[in-house]
Amino acid sequence: MPQTLNTAVHHELLIKKSRFIACVQPMTDRASAQKIVDGLWQEHPGAAHVCWALLAGGQSAAVDDGEPSGTAGRPMLDVLRHQDLEGVLATVVRYFGGVKLGAGGLVRAYTDSVAQALLKSEKIPIIRQRYLICSAPYAMEGLVRREIEMAGASLNNVQHADAVQFELNLPEAAADALITRLNEAGHGRILWIDPDDTPSAS
């Protein structure tokens, strides 16, 4: 099961007089990640590099920021991938200490910085949600509401028209059981509507 982080965690390494200040934190998109990186430059104007890696579906990124290609961003991203994380930003601010580390040394330094920060982090599972829409006769509104509550679903919207329409979210793992229970209790009078078929508000 993919996981994300509960909160930001920092860790600092000193390797041959270079300081590597790592941070791992929850992050869902590249624009927000870029703002964090810009903020780090303001916070550390004397830094040599601010390298980062974002693991967030189609918005993932790996940035070496002037370090030799493939020695910073990609190794940092690999650490996140190996831990089955999603929606996580790793940043490492490097202050150069005057001693070159070589490509292998840089890969180890950036890998270790992120890995050590992750050791201290609290990981939380990402529970995939399912969005459902159903309609029921007015006489069944109470029954449907009870079933939705018992399933631990969030009721987002209820519309009263010819029938009562419910929009809800619940964990993917509980969705099929709820649909089955409502179908049985409603004797075929509860209709399920494909969310993709509903007109979106313009």
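Sequential numbering from 1 along the given sequence is applied to the chain's residues.
Note on L14 and I21: separate hydrophobic clusters, where clusters join Ile, Leu, Val, Met, Phe, Trp and Tyr whose side-chain heavy atoms are under 4.5 Å apart, directly or indirectly. Under the 4.5 Å side-chain heavy-atom criterion for Ile, Leu, Val, Met, Phe, Trp and Tyr, F166 and W192 are members of the same hydrophobic cluster. No continuous path of ILVMFWY side-chain contacts below 4.5 Å connects V92 to F96, so the two sit in separate hydrophobic clusters. In the hydrophobic cluster analysis, where Ile, Leu, Val, Met, Phe, Trp and Tyr join through side-chain heavy atoms closer than 4.5 angstrom, L54 is grouped apart from L85. The cluster map of Ile, Leu, Val, Met, Phe, Trp and Tyr, joined by side-chain heavy atoms under 4.5 Å apart, puts M27 and L80 in different clusters.
Of all heavy-atom pairs spanning A174 and A151, the tightest one is CB-O, 4.5 Å. Of all non-hydrogen atoms in P137 and R189, the two that sit nearest each other are CD-O, 3.5 Å. The minimum heavy-atom distance between I190 and C134, with the atom names listed, is CG2-CB, 4.1 Å. Of all the heavy atoms in L178 and E147, the pair that sits closest is CD1-O, 3.6 Å. A pairwise comparison of heavy atoms in C23 and Q25 identifies SG-NE2, 3.7 Å as the closest pair. Shortest non-hydrogen contact noted between W52 and A33 is CZ3-CB, 3.9 Å.
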R130 and D176: side-chain contact (heavy atoms from CB on, under 4.5 Å), yes or no, with the steps? CA-CA 10 Å; R130 189 140 153 217; D176 288 342; 3.0 Å; yes

Determine, step by step, whether K16 and S18 satisfy the side-chain contact (heavy atoms from CB on, under 4.5 Å) criterion, reporting the C-alpha distance in whole Å, the side-chain angles of both residues, the deciding distance to 0.1 Å, and the verdict. CA-CA 6 Å; K16 293 185 179 175; S18 275; 5.9 Å; no

Would E172 and Q129 count as a side-chain contact (heavy atoms from CB on, under 4.5 Å) here? Give the steps. CA-CA 5 Å; E172 181 80 57; Q129 295 283 313; over 6 Å; no

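Formation of a donor-acceptor pair under 3.5 Å by the S121 side chain with backbone atoms of V9 is not found in this model. Of the possible polar contacts, one joining the D64 side chain to the G73 backbone as a donor-acceptor pair under 3.5 Å is found. The main-chain N or O of E86 is found under 3.5 Å from a side-chain atom of T4 such that the two form a donor-acceptor pair. Side chain of K123 to backbone of N6: no donor-acceptor contact under 3.5 angstrom is found.
Here OG of S135 is found 4.0 Å from CG of L191. Values are rounded to the nearest 0.5 Å. With rounding to the nearest 0.5 Å, the separation of CG in L170 from CG in L132 is 5.5 Å. Atom CG of L168 is separated from atom CD1 of I148 by 4.5 Å, given to the nearest 0.5 angstrom. Note: D65 CG to T91 OG1 = 11.5 Å, rounded to the nearest 0.5 Å. In this structure, CG on L101 lies 5.0 Å from CZ on F20, to the nearest 0.5 angstrom. Taking OG from S60 and CZ from R81, the interatomic distance works out to 6.0 Å, rounded to the nearest 0.5 Å.
For D162, the CG atom sits in a loose shell: 12 or fewer heavy atoms of surrounding residues, nucleotides or ligands are nearer than 6.0 Å. Residue K120 places its NZ atom among more than 12 non-hydrogen atoms of other residues, nucleotides or ligands, all under 6.0 Å distant. Remark: E149 CD is loosely packed, at most 12 non-hydrogen atoms of other residues, nucleotides or ligands lying under 6.0 Å away. The environment of R181 atom CZ is dense: over 12 non-hydrogen atoms of other residues, nucleotides or ligands sit within 6.0 angstrom.
Partners of Y95 by ring pair (Phe, Tyr, Trp, His ring centres under 6.0 Å), not counting sequence neighbours, listed by chain and number: H44.
Looking only at side-chain heavy atoms (C-beta outward), V24 and L89 stay at 4.5 Å or farther from each other. Taking the side chain as every heavy atom from C-beta outward, R94 and C51 never approach each other to under 4.5 Å. Counting heavy atoms from C-beta on, the side chains of K35 and V37 never come closer than 4.5 Å. Counting heavy atoms from C-beta on, the side chains of V93 and E43 never come closer than 4.5 Å.
Remark: the Q165 side chain and the H160 side chain contain no N/O donor-acceptor pair separated by less than 3.5 Å. Defined by atom type and a distance below 3.5 Å, a donor-acceptor pair is missing between the side-chain atoms of T180 and N183. No donor-acceptor contact under 3.5 angstrom links the side chains of D38 and Q42, judged on distance only.
Of the charged side-chain nitrogens involved, at least one lies within less than 4.0 Å of a carboxylate oxygen, so that R145 and E141 count as a salt-bridged pair.
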Which donor-acceptor pairs under 3.5 Å do side chains of residues 109-119 form with protein atoms, sequence neighbours excluded?
from, atom 1, to, atom 2, distance (Å)
Y110, OH, E67, OE2, 2.6
T111, OG1, V107, O, 2.7
S113, OG, A109, O, 2.7

